[in-house]
2 protein chains.
Amino acid sequence: MANDGIRERILDAAERRAQRGGYNAFSFRELAADVGVKSSSVHYHFATKEALLQALVERYCARTRERLGEGAMLSPDEALRRLTAIFREALVDDNRMCLCGLLAAERDGLPPNVDAAVADYFRMILAYLRAALGDEEGRGTPEAVLATLEGALIVARSLCDHSIFERAVAQHC
Amino acid sequence: MANDGIRERILDAAERRAQRGGYNAFSFRELAADVGVKSSSVHYHFATKEALLQALVERYCARTRERLGEGAMLSPDEALRRLTAIFREALVDDNRMCLCGLLAAERDGLPPNVDAAVADYFRMILAYLRAALGDEEGRGTPEAVLATLEGALIVARSLCDHSIFERAVAQHC
DNA sequence: GTCTATAATTTGATAGAC
DNA sequence: GTCTATCAAATTATAGAC
């Protein structure tokens, strides 16, 4: 069950590329080459690019949700630690942006279904933070935490300096 | 001097489109149509798309610098107020992202010169904040302020809710 | 400095054999 | 389910007339 299934491997390749360059930075042919098939085979699994990206964002959102757990059952510190760790990993392991942060930035160039799936991701993160942080305002609002994490990845990647991420999120974690 | 010069009008059109969809979300033909010329005329003013975007980012950076003024000569409150106002305006007036925040997110799909110009923008903003905030840590680090502003635009635009921007940046301004 | 015309390439997508 | 072959459209970019 490790990682078989062409469909999942196509999504893996798309995820890697989309988190680095965005919606228009990769093609069916490139994904096909990554996986070792032809572009028509990619189209067999995903009829359109919109469908592929929608599935990708939904998988990304589901994985994040599983990894975070139930915000209401965690201490504020643990909840923030888990969320920050996910963003830090994207940066440190592979110099990636958050998939949904990047796509949301490109919003006006996205098909409607992708845009909607991205918005759902943000709603999920904000609900998690609201449940975890409760009424304490010492750590900042859920909106501030999420915004800082997204922006910290952008600036740290552009300046090729991971310590920028740490200085940006220090007050929240 | 209001806004004549085809060159400037091309940059205006590119700026509007790039701040909404990113580097690959517009073409020479679209810019030409916006301005009322043909795409070959756009190429007369900017030989390549890389050159056009580089000029665009440099103009964006220079305008922002002029509008901010010298950070060292401003109170921390006034410095933060000015910077926040620029980001808020992009969101409220026209539902735009920060040009450099969007391009930086797409980093791996950018030509090298554009990537470098975007990094210069972030260095400029961070230097401004360092000069303005000095050693006071009460408002957060320069990195945290910049990251929060960039991320706040992303999330607020995706969820079509300007109040998210205000809740995200409230602690800094 | 702008135009027409076009080259060269890439893209998302489809038809049909196997 | 993957392949070969191909299409129609769009893209960046150039040549040359005016």
Side-chain angles (χ1 to χ4, degrees), chain A residues 1-57 102-103 106-115 117, chain B residues 1-57 102-103 106-115 117:
Chain A
M1 173 183 286
N3 194 12
D4 281 321
I6 278 274
R7 198 188 142 97
E8 292 301 306
R9 288 172 50 210
I10 291 169
L11 289 179
D12 292 341
E15 192 169 62
R16 223 187 61 246
R17 289 183 177 272
Q19 278 184 267
R20 292 166 164 278
Y23 186 83
N24 292 295
F26 64 94
S27 67
F28 276 77
R29 278 171 180 76
E30 288 171 311
L31 297 186
D34 289 345
V35 175
V37 296
K38 296 298 178 180
S39 71
S40 53
S41 297
V42 179
H43 273 288
Y44 171 81
H45 293 281
F46 301 97
T48 65
K49 196 169 184 182
E50 173 170 13
L52 192 159
L53 265 285
Q54 185 182 348
L56 179 59
V57 171
L102 205 173
L103 293 175
E106 291 178 316
R107 185 162 192 268
D108 285 36
L110 296 184
N113 288 344
V114 178
D115 183 41
Chain B
M1 173 182 290
N3 194 13
D4 281 320
I6 279 275
R7 198 188 140 97
E8 291 301 305
R9 287 171 51 209
I10 292 170
L11 289 178
D12 292 343
E15 192 169 65
R16 222 186 62 247
R17 290 184 178 272
Q19 279 184 266
R20 291 167 166 279
Y23 186 85
N24 293 294
F26 65 92
S27 67
F28 276 77
R29 277 173 179 77
E30 288 172 312
L31 297 186
D34 289 344
V35 174
V37 296
K38 295 298 178 179
S39 71
S40 51
S41 298
V42 179
H43 274 287
Y44 171 81
H45 293 282
F46 301 97
T48 65
K49 197 170 183 181
E50 172 171 14
L52 192 159
L53 264 287
Q54 185 182 347
L56 180 59
V57 172
L102 205 173
L103 293 176
E106 291 178 317
R107 186 162 191 266
D108 285 35
L110 296 184
N113 288 342
V114 178
D115 182 41

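Note that the structure is predicted; figures quoted are calculated from it, not measured. Just so we're on the same page: letters track the sequence lines, and every chain starts at 1.
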Please enumerate all protein N or O atoms sitting under 3.5 Å from an N or O of nucleotides 4-11 of chain D, with distances to 0.1 Å.
unit_1: dT4(D); atom_1: O4; unit_2: Ser40(A); atom_2: OG; d: 3.0

Problem set entry | The single option from Leu56(A), Leu31(A), Leu53(A), Ile10(A) passing side chain to side chain contact (heavy atoms under 4.5 Å, CB included) against Phe46(A) | Ile10(A)
Exercise. Do any pairs count as a side chain to side chain donor-acceptor pair (under 3.5 Å) and have a residue in residues 42-51 of chain A, sequence neighbours left out, and if so which ones?
Worked result: Glu50(A)-Asn113(A)
Exercise. Quick one: is dC3(C) close enough that its OP1 or OP2 comes under 4.0 Å of any side-chain N or O from Ser41(B)?
Worked result: yes
Exercise. Tyr44(B) side chain N/O closer than 4.0 Å to the phosphate oxygens (OP1, OP2) of dG1(C)?
Worked result: yes
For this session: Establish, with yes or no, whether the OP1 or OP2 oxygen of dT2(D) is under 4.0 angstrom from a side-chain nitrogen or oxygen of His45(A).
Result: yes
Exercise. Taking atom P of dT2(C) as reference, at what distance in whole Å does atom NE2 of His43(B) sit?
Worked result: 14 Å
Exercise. Roughly how far, to the nearest 0.5 Å, is CZ of Arg20(A) from CZ of Arg107(B)?
Worked result: 10.0 Å
Exercise. Can we say Asp108(A) and Arg17(B) salt-bridge, meaning some charged N sits less than 4.0 Å from an Asp/Glu carboxylate O?
Worked result: no
Exercise. Rounded to whole angstrom units, what separation is found between the CD1 atom of Ile10(A) and the C1' atom of dT2(D)?
Worked result: 11 Å
Problem set entry | Within-4.5 Å side-chain heavy-atom neighbours: Val114(B) and Pro111(B) | yes
Problem set entry | Polar side-chain atom of Arg29(A) near backbone of Ser39(A) as donor-acceptor pair, under 3.5 Å | no
